[in-house]
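Below: the structure, in structure tokens.
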Amino acid sequence: MSAIRPLTSSPESEIELLTQAQQLAGYTLGELALLAGLPIPRDLKRDKGWTGLLLEQWLGASAGSKPEQDFAALGVELKTIPIDSAGRPLETTFVCVAPLTGNTGVVWETSHVRHKLRRVLWIPIEGSRDIPLAGRRVGSPLLWSPDEEEETQLRMDWEELMDLIVLGQVERITARHGEVLQLRPKAANSKALTEAVGTHGEPILTLPRGFYLKKNFTGALLARHFLVPGE
DNA sequence: TTCTGATCATTA
DNA sequence: TAATGATCAGAA
């Protein structure tokens, strides 16, 4: 019997990472915050990224705002995902910012979306707002890579959205585009603007956008993992 | 009740 | 401003 403790350096293998993640399953966010010496906010209204940062610390992710995978040496991205009592996602999952300029000739194979999602460590976490933040439990982790079907779904949506961006239609894109991947604002507020391409190829200013995984997609991949007998 | 558009904190 | 970490909250 040994106490759990945060990894102080980056894990050197997927096994080490997954093992540590499995150790955290069942603990509450309050317990993990206390053991890590982090203050617990009352709720997430002004600390939306708190859970993600807490788990980063426990798993030895390279902290900070580097445009890299969380575990660069392993090629693994960490994602916490809030779930309801039935294990279904409560929120969409942010993937990365969408490039709105300089996209002539871009292809799926070298896209940021594909790179980010190549290998993901999913950590489900109880997210219902009627559970106090400190009482929310961490679930069993899932180390995932998209299968052929998932990759096809992602590529189709990505190509549709990127086509619209390249053609100057970014402001006509809504969250309803895409079956599993959607484009939505990703900004401090509605006044934060970035450069994009207009209808006639001219530069325009518009809201920064991000790619998000829709709940049907993440819900299915979690369900596939947790419903398979013998796993 | 769900979903889309908007928003919050922090670090370069 | 843009990148990281995401959830909020009003409209549908």
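A distance-only check finds a donor-acceptor pair linking the side chain of A:Asp157 to the backbone of A:Val180 [under 3.5 Å]. For A:His225 (side chain) and A:Leu222 (main-chain N/O), no donor-acceptor pair under 3.5 Å exists by modelled atom type. Listed for the A:Trp50 side chain is no donor-acceptor partner under 3.5 Å among the backbone atoms of A:Asp43. Distance alone, capped at 3.5 Å, is enough to place a donor-acceptor pair between the A:Thr174 side chain and the A:Arg176 backbone. Although no hydrogens or angles enter the test, the distance criterion places no donor-acceptor pair under 3.5 Å between the side chain of A:Arg88 and the main chain of A:Gly219. No donor-acceptor distance shorter than 3.5 angstrom exists from the side chain of A:Asp70 to the backbone of A:Glu56, with no hydrogens or angles considered.
With respect to A:Ser145, the side-chain hydrogen bond (donor to acceptor under 3.5 Å, both in side chains) criterion is satisfied by exactly one of A:Glu150, A:Arg119, A:Arg118, A:Glu151: A:Arg119.
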message: Using a 4.0 Å heavy-atom cut-off to protein, can you give one letter per nucleotide of nucleotides 6-12 of chain C, 5' to 3': B if the base is in contact, S if only the sugar-phosphate is, - if neither?
response: BBBB---
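Atoms CG (A:Leu193) and C1' (B:dG5) sit 15 Å apart, rounded to a whole Å. To the nearest angstrom, P of C:dG5 lies 17 Å from CG of A:Leu29. One interatomic measurement links the two molecules: NZ of A:Lys215 to P of B:dT1, which rounds to 12 Å at whole-angstrom precision. Counting to the nearest Å, the C1' atom of B:dT10 and the CG atom of A:Leu38 are 14 Å from each other. Between the P atom of C:dT4 and the CG atom of A:Leu55 lies a distance of 18 Å, rounded to the nearest Å. Put simply, CD on A:Glu56 is 13 Å from C1' on C:dA3, counting in whole angstrom units. Atom CZ of A:Phe71 is separated from atom C1' of C:dT4 by 14 Å (rounded to the nearest Å). Atom CG of A:Leu183 is separated from atom P of B:dT4 by 12 Å (rounded to the nearest Å).
Within 4.0 Å (heavy atoms only), A:Leu207 reaches sugar-phosphate atoms of the nucleic acid but no base atom. Within 4.0 Å (heavy atoms only), A:Asp70 reaches sugar-phosphate atoms of the nucleic acid but no base atom.
Side-chain polar atoms of A:Arg136 and A:Thr51 form no donor-acceptor pair below 3.5 angstrom.
The overall bend of the helix from B:dT1-C:dA12 to B:dA12-C:dT1, read as the angle between its terminal helix axes built from five base pairs each, is 30° when rounded to 10 degrees.
A heavy-atom distance below 4.5 Å is found between the side chains of A:Leu59 and A:Leu24.
Of the candidates B:dT7, B:dC8, C:dA2, B:dT7 carries the atom nearest the A:Ser190 side chain, counting heavy atoms from C-beta on.
Both A:Gln182 and A:Asn189 lie near DNA chain B, and the one whose nearest nucleotide falls closer to the 5' end is A:Gln182.
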